[in-house]
Amino acid sequence: VVINLPLCFSIILAGLGEHQRNIERAAHDLGASDLQALVRVTVPIMRPSIFAAFCLAFTLSWDEFIIAFLLTRFEVTLPVMLFEMLRGGSSPELNAAGSLVFCISMSIVLVAVALTLRRRAP
């Protein structure tokens with residue numbers, strides 16, 4: 001969380017700009033309450049930034065083996081378990097775990113691409 005939070009915060013902050021405040025002001029001028037402006041204006045505009053921050057945090061969390069290795073004492077996390085399996089040589093369990101992680105990551109990317117292309121289709 002400590003490592004991913006600044007990166008996610010900067011992505012979400014980039015989605016908030018002067019145009020965001022102007023759009024919220026326009027919604028208020030047209031009679032929307034604070035809650036309506038949040039639900040109908042702010043959240044749909046921020047959805048791509050939040051999703052991008054989620055994807056970045058998810059991807060980087062798989063990469064942080066050193067932190068997981070140094071911070072865990074008695075809990076066995078997936079990166080630590082995979083490292084221990086690598087020390088003993090290649091095994092079918094290690095190959096299956098690597099394939100599973102790869103398939104999960106690729107399926108998230110493919111779903112994101114499909115959703116993006118579906119929105120652009122006329």
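Every value quoted in this text rests on a predicted model; they were computed, and no experiment measured them. Side-chain atoms are counted along with the backbone in the values below, which use heavy atoms only and exclude waters and symmetry mates.
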Undergrad: Using atom types as modelled, flag every donor-acceptor pair under 3.5 Å from a side chain in residues 43-53 to any protein atom, sequence neighbours excluded.
TA:
none

Undergrad: Please table the atom pairs, donor to acceptor, closer than 3.5 Å between any side-chain atom in residues 7-14 and protein atoms at least two apart or in another chain.
TA:
unit_1: Ser10; atom_1: OG; unit_2: Pro6; atom_2: O; d: 3.4
unit_1: Ser10; atom_1: OG; unit_2: Leu7; atom_2: O; d: 2.8

Undergrad: Report the distance from atom CD1 of Ile104 to atom OG of Ser99, rounding to the nearest 0.5 Å.
TA: 11.0 Å
Undergrad: Does the pair Leu38 and Glu24 meet the rule for a side-chain contact (heavy atoms from CB on, under 4.5 Å), with working shown?
TA: CA-CA 8 Å; Leu38 177 70; Glu24 287 178 0; 6.0 Å; no
Undergrad: Which heavy atom in Gly31 sits nearest to a heavy atom in Gln36, and how many Å separate them?
TA: O-OE1, 4.1 Å
Undergrad: Other than Leu35, which residues form its hydrophobic cluster under the rule that side-chain heavy atoms must be closer than 4.5 Å?
TA: Val39
Undergrad: Can you name the residues that form a side chain to side chain contact (heavy atoms under 4.5 Å, CB included) with Arg40, not counting sequence neighbours?
TA: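 Result, side chain to side chain contact (heavy atoms under 4.5 Å, CB included) vs Arg40: none returned.
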Undergrad: Who are the side chain to side chain donor-acceptor pair (under 3.5 Å) partners of Asp29, not counting sequence neighbours?
TA: none
Undergrad: Once rounded to the nearest 0.5 Å, what's the spacing between atom CD1 of Ile108 and atom SG of Cys103?
TA: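 If I round to the nearest 0.5 Å, the distance is 11.5 Å.
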